[in-house]
Asker: 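One structure, pasted below without further comment.
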Amino acid sequence: MTVRVRIAPSPTGNLHIGTARTAVFNWLFARHHGGQFILRIEDTDLERSRPEYTENILQGLRWLGLTWDEGPFFQTKRLEIYKQAVQTLFEKGLAYRCYTTPEELEALREAQKARNEAPRYDNRHRNLTPEQEAAYKAEGRNFVIRFKIDDDREIVWNDLVRGKMVWRGSDLGGDMVIARAAADGIGIPLYNFAVVVDDMDMQITHVIRGEDHIANTAKQILLYEAFGAKVPEFAHTPLILNQEGRKLSKRDGVTSIFDFKQMGFTAEAMVNYMTLLGWSAPDSTQEIFTLEEAAKQFGFERVNKAGAKFDWAKLDWINSQYIHNMSVDKLTDLLIPAWEEAGYQLTGGRERAWLDQLVTLIGPSLTRLVDAVAMSKLFFVETVEFSDEATAQLKQEGSAATLKSVIAALENHQLTETSAQEIIKQVVKEQNVKKGLVMKALRAGLTGDLHGPDLIQSWLLLNQIGLDKPRLIEAVKEAS
């Protein structure tokens, strides 16, 4: 048997981290078994589906590296297949037209609520005579198509995550609506029906999805059996929870995959972290791995039943590991868009070689890519504002004279790492001051602060674009 799995997002919103994590688990399982990963777009919700959401989903999966083997398939282009499947159920006597009005359904729900009963359809139109159907049609009633569910039926499956699962037909809310009406009799199918027809047609062997679909699984198994199809294996993965233990939602801030990208997380870190949201490697100490490395080890025996709490600190740590181990060339490629979005001009000597030097300087201090914007601002502005600490340092006795000596020394030196150190030694001797004073005054003058990246490397970068000397001159003015 060739393993065939699918990810089937609905384009009613951007790619959500929950959907993306489900895609990761499907991809890992397929690759582990040398199988196929199929992409299906479930776009039958015509009112809420949008082309821009479809594009967001496709781009998000590509960004994460979750390449698919077949698809994308669109449900709206498969309507004839669903209609034929509904007709098959009619012919088998397993489906019928239900003419119950919305008002009648509401009255039924209210009566059940008054009796403290769970809401369920009472199957009142399951056995209509041709005359009764004709009478309802004459009234102008619309209909839906329902699938017959035996209340006494026991539905059992072995979930790859949760073990033996048992449901009764009576738990499923009565006969299930599988399609709406249309001018030709059979309209848009509903989720539980369309997904079964698709999975049969696409020969899906394993359905891997969130635990919030468990109730749907019992209904879908009945549909597989009605069609005489092989039932796939199911794996219901834990939900992603916030720190309060509730399902992660928009109220928690960020849920869209591209929101995470905008916040400066790398694709490699995101898929690495999502892999760990509910699964752990056989070597539980291993937390950094590529998709390919994880695929070699992935299996549902190490997927947790309990919900996976989203941990920002851990995601930050994983992201920092990828950044710190990234080549300078790749990291520069990733940071250039962030600098451009911030409005920084990559001109005036700030060409690729210079940018690579800047990345070498700040890269080890980055946690998220966007951190580079604030961390490198001093290299992209003509002048700097002096912090209170920097101003206080510049006004210390000896600071102004020290900086004047540095300015004078620059006239006679081509600045290199070696000559920078020689200038500092020379100024210490000339001014008869401690090296610490020179270093602090120099940092304050060049960067406007007393904290930041390596001073000598920062000085070299500023010197290459002609900003070191003008800043030191301004610092002398600030000191006086």
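Note that the coordinates shown come from a computational prediction; the quantities given were computed from them, not determined experimentally. Quick note: residue numbers are just sequence positions, from 1.
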Asker: Would you kindly check if the NZ (Lys) or CZ (Arg) of Lys377 is within the cone defined by 45 degrees around the ring axis of Phe380 and under 6.0 Å from the six-membered ring centre?
Answerer: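 The answer is no, since Lys377 fails at least one limit relative to Phe380.
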Asker: Hey, mind stepping through Trp27 and Trp68 against side-chain contact (heavy atoms from CB on, under 4.5 Å) and telling me if it holds?
Answerer: CA-CA 8 Å; Trp27 191 96; Trp68 52 90; over 6 Å; no
Asker: So, Lys330 and Glu268, do they make that salt bridge, N to O below 4.0 Å?
Answerer: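 Answer for the salt bridge query: yes.
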Asker: Tell me, please, whether Phe143 has Arg97 positioned over its six-membered ring: NZ or CZ under 6.0 Å from the ring centre and within 45 degrees of its axis?
Answerer: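 Satisfied, under 6.0 Å and within 45°.
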Asker: Please answer whether the main-chain N or O of Ala281 pairs with a side-chain N or O of Arg302 as donor and acceptor at a distance below 3.5 Å.
Answerer: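 Yes, Arg302 side chain to Ala281 backbone: donor-acceptor pair under 3.5 Å.
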Asker: Kindly write out the residues that satisfy salt bridge (charged side-chain N to carboxylate O under 4.0 Å, His left out) with Arg180, not counting sequence neighbours, or none if the list is empty.
Answerer: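 Arg180 satisfies salt bridge (charged side-chain N to carboxylate O under 4.0 Å, His left out) with no other residue.
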Asker: State, yes or no, whether a side-chain contact exists between Tyr82 and Asp198 at a heavy-atom distance under 4.5 Å.
Answerer: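 The answer is yes; the side chains approach within 4.5 Å.
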Asker: Show, in sequence, the C-alpha distance, side-chain angles and deciding distance for Leu79 and Ile188, and conclude whether the side-chain contact (heavy atoms from CB on, under 4.5 Å) test is met.
Answerer: CA-CA 7 Å; Leu79 296 181; Ile188 299 293; 4.0 Å; yes
Asker: Under the salt bridge (charged side-chain N to carboxylate O under 4.0 Å, His left out) criterion, do Asp151 and Arg168 qualify, and how do the steps go?
Answerer: CA-CA 7 Å; Asp151 280 354; Arg168 294 194 63 80; over 6 Å; no
Asker: Quick check: do Leu223 and Met176 have side-chain heavy atoms less than 4.5 Å from each other?
Answerer: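 Yes; the side chains approach each other to less than 4.5 Å.
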Asker: Do Thr332 and Val328 have side-chain heavy atoms sitting under 4.5 Å apart?
Answerer: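 They are in side-chain contact.
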Asker: Just wondering, more than 12 heavy atoms not from Glu341 lying within 6.0 Å of its CD?
Answerer: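 Incorrect, the count does not exceed 12.
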Asker: For Glu133 and Tyr99, does a side-chain donor sit closer than 3.5 Å to a side-chain acceptor?
Answerer: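 Yes, because at least one side-chain N or O of Glu133 sits under 3.5 Å from a partner of the opposite role on Tyr99.
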Asker: About how many Å separate NE2 of His236 and CE of Met165, when rounded to the nearest 0.5 Å?
Answerer: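 One gets 7.5 Å once the value is rounded to the nearest 0.5 Å.
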Asker: Aromatic contact between His125 and Tyr96, with the criterion being ring centroids under 6.0 Å apart: yes or no?
Answerer: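 Ring centroids of His125 and Tyr96 are no less than 6.0 Å from each other.
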Asker: Are Val207 and Glu233 close enough that some pair of their side-chain heavy atoms sits under 4.5 Å apart?
Answerer: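 Side-chain contact under 4.5 Å: no.
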Asker: For atom CD of Glu106, is the number of surrounding heavy atoms from other residues, nucleotides or ligands below 6.0 Å larger than 12?
Answerer: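 Yes, CD of Glu106 has more than 12 neighbouring heavy atoms, counting only those of other groups under 6.0 Å.
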Asker: Looking only at heavy atoms, what is the nearest atom pair of Ser387 and Asp449, with distance?
Answerer: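 Shortest heavy-atom separation between Ser387 and Asp449 comes out as OG-OD1, 3.4 Å.
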Asker: Can you measure from CG (Leu64) to OG1 (Thr266) and round to the nearest 0.5 angstrom?
Answerer: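 Here the rounded value is 10.0 Å.
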Asker: Please give me the minimum heavy-atom distance between Ser376 and Trp339, naming the atom from each residue.
Answerer: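 Closest heavy-atom pair between Ser376 and Trp339: OG-NE1, 2.8 Å.
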Asker: I need the single residue from Thr19, Thr217, Thr237 that forms a side chain to side chain donor-acceptor pair (under 3.5 Å) with Arg209. Which is it?
Answerer: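 Filter result, single survivor: Thr217.
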Asker: Taking the six-membered ring for Trp and the full ring for Phe, Tyr or His, determine whether the centres of Phe260 and Phe310 are under 6.0 Å apart.
Answerer: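 Yes, ring centres under 6.0 Å apart.
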Asker: Where do Glu70 and Arg4 land on the salt bridge (charged side-chain N to carboxylate O under 4.0 Å, His left out) test, with the steps shown first?
Answerer: CA-CA 10 Å; Glu70 296 177 19; Arg4 289 174 61 84; 2.9 Å; yes
Asker: Counting C-beta onward and ignoring hydrogens, is there a side-chain heavy-atom pair between Lys148 and Asn123 closer than 4.5 Å?
Answerer: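 SC-SC contact between Lys148 and Asn123 ruled out.
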Asker: Checking the side chain of Asp69 only, and the main-chain atoms of Ile38 only, is there a donor and an acceptor separated by less than 3.5 Å?
Answerer: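 Side chain of Asp69 to backbone of Ile38: no pair is present.
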Asker: Would Arg153 and Glu225 count as a salt bridge (charged side-chain N to carboxylate O under 4.0 Å, His left out) if you check the C-alpha gap in whole Å, the side-chain angles of each, and the deciding distance to 0.1 Å?
Answerer: CA-CA 12 Å; Arg153 171 63 198 279; Glu225 293 176 350; 2.7 Å; yes
Asker: Checking Thr100 against Tyr121: is there a side-chain donor and acceptor pair closer than 3.5 Å?
Answerer: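 There is such a pair between these side chains.
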Asker: Between Lys77 and Asp43, does any NZ, NE, NH1 or NH2 come within less than 4.0 Å of an OD or OE carboxylate oxygen?
Answerer: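 Lys77 and Asp43: not salt-bridged.
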Asker: For a quick test of reading the model, state the closest non-hydrogen atom pair linking Val370 to Gln262 and the distance between them.
Answerer: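 In terms of heavy atoms, the two residues are closest at CG1-O, 3.4 Å.
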Asker: Please confirm whether His33 and Phe298 have ring centers closer than 6.0 angstrom.
Answerer: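 Not close enough - the centres of the two rings lie 6.0 Å or further apart.
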Asker: Any idea which heavy atoms bring Glu351 and Gly348 closest together, and the distance?
Answerer: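 Nearest pair, atom of Glu351 first, then Gly348: OE2-N, 4.2 Å.
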Asker: Would the distance check show the side chain of Asp159 and the main-chain N or O of Gly163 forming a donor-acceptor pair, the cut-off being under 3.5 Å?
Answerer: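 It does not hold such a pair.
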Asker: Compute whether any side-chain donor of one residue and acceptor of the other, for Gln464 and Gln357, lie under 3.5 angstrom apart.
Answerer: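 There is such a pair between these side chains.
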Asker: Under 4.5 Å between any side-chain heavy atoms of Phe379 and Ser458, yes or no?
Answerer: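 Yes. Closest side-chain heavy atoms under 4.5 Å.
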Asker: Can you confirm whether or not the ring centre of Tyr273 sits under 6.0 Å from the ring centre of Tyr322?
Answerer: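 Centroid separation for Tyr273 and Tyr322: 6.0 Å or greater.
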Asker: Check whether Arg352 reaches the backbone of Asp329 with its side chain - one donor and one acceptor, N or O, closer than 3.5 Å.
Answerer: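 It does hold such a pair.
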Asker: Quick check: does any side chain N or O of Trp167 sit under 3.5 Å from a backbone N or O of Leu172, one acting as donor and the other as acceptor?
Answerer: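 The answer is no, because no donor-acceptor pair under 3.5 Å joins these two groups.
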Asker: Ignoring hydrogens and angles, tell me if any N or O in the side chain of Lys219 forms a donor-acceptor pair with the backbone of Asn192 under 3.5 Å.
Answerer: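 Not confirmed, Lys219 side chain does not pair with Asn192 backbone.
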Asker: List the steps and the verdict of side-chain contact (heavy atoms from CB on, under 4.5 Å) for Arg48 and Asp45.
Answerer: CA-CA 6 Å; Arg48 297 170 57 221; Asp45 187 341; 3.1 Å; yes
Asker: Going by atom types only, do Glu55 and Gln59 share a side-chain donor-acceptor pair under 3.5 Å?
Answerer: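 Short answer, yes.
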Asker: If you count the non-hydrogen atoms of other residues, nucleotides and ligands that lie under 6.0 Å from NZ in Lys230, is the total more than 12?
Answerer: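 No.
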Asker: Does any N or O in the side chain of His32 come within less than 3.5 Å of the main-chain N or O of Leu28, such that one atom is a donor and the other an acceptor?
Answerer: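 No.
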Asker: Main chain of Ser280, side chain of Ser284: is a donor-acceptor contact present, judged purely on distance under 3.5 Å?
Answerer: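 Flag not set: sc Ser284 to bb Ser280 has no pair under 3.5 Å.
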Asker: What are the two closest heavy atoms between Phe25 and Gly278, and how far apart are they?
Answerer: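 Closest approach of Phe25 to Gly278, heavy atoms only: CZ-C, 4.4 Å.
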Asker: Could you tell me whether Arg162 and Glu211 make a salt bridge, using a distance below 4.0 angstrom between a side-chain N and a carboxylate O?
Answerer: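 Salt bridge present between Arg162 and Glu211.
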Asker: Run the side-chain contact (heavy atoms from CB on, under 4.5 Å) test on Glu287 and Lys314 for me, step by step, so that the C-alpha distance in whole Å, both residues' side-chain angles and the decisive distance to 0.1 Å come before the verdict.
Answerer: CA-CA 10 Å; Glu287 296 191 305; Lys314 187 165 186 176; 2.6 Å; yes
Asker: Does the distance from a Lys or Arg side-chain N to an Asp or Glu carboxylate O, for Lys113 and Glu110, drop under 4.0 Å?
Answerer: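 Salt bridge: no.
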Asker: Is Asn26 reaching over with its side chain to a backbone N or O of Val5, donor-acceptor style, under 3.5 angstrom?
Answerer: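 No; zero donor-acceptor contacts below 3.5 Å.
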Asker: At what distance, to the nearest 0.5 angstrom, does CG of Leu366 lie from CG of Leu335?
Answerer: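 These two atoms lie 6.5 Å from each other.
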Asker: So that I know where these two stand, are Phe265 and Trp63 an aromatic pair - ring centroids less than 6.0 Å apart?
Answerer: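 No, too far apart.
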Asker: So Pro9 and Tyr53, do their side chains get closer than 4.5 Å, heavy atoms only?
Answerer: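 Tyr53 vs Pro9: side chains apart.
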Asker: Closest heavy-atom contact between Leu66 and Ala23?
Answerer: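 So the minimum-distance heavy-atom pair works out to CD1-CB, 3.8 Å.
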Asker: Run Arg78 and Asp201 through salt bridge (charged side-chain N to carboxylate O under 4.0 Å, His left out) and show every step you take.
Answerer: CA-CA 11 Å; Arg78 297 170 52 81; Asp201 189 53; 3.0 Å; yes
Asker: Just so I know, are the side chains of Ile178 and Pro189 near enough to count as touching, which here means a heavy-atom distance under 4.5 Å?
Answerer: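 Counting from C-beta outward, Ile178 and Pro189 never come under 4.5 Å.
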Asker: Can a donor-acceptor pair be found, under 3.5 Å and without considering hydrogens, that links the side chain of Asn319 to the backbone of Leu315?
Answerer: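 Side chain of Asn319 to backbone of Leu315, a donor-acceptor pair under 3.5 Å: no, none is there.
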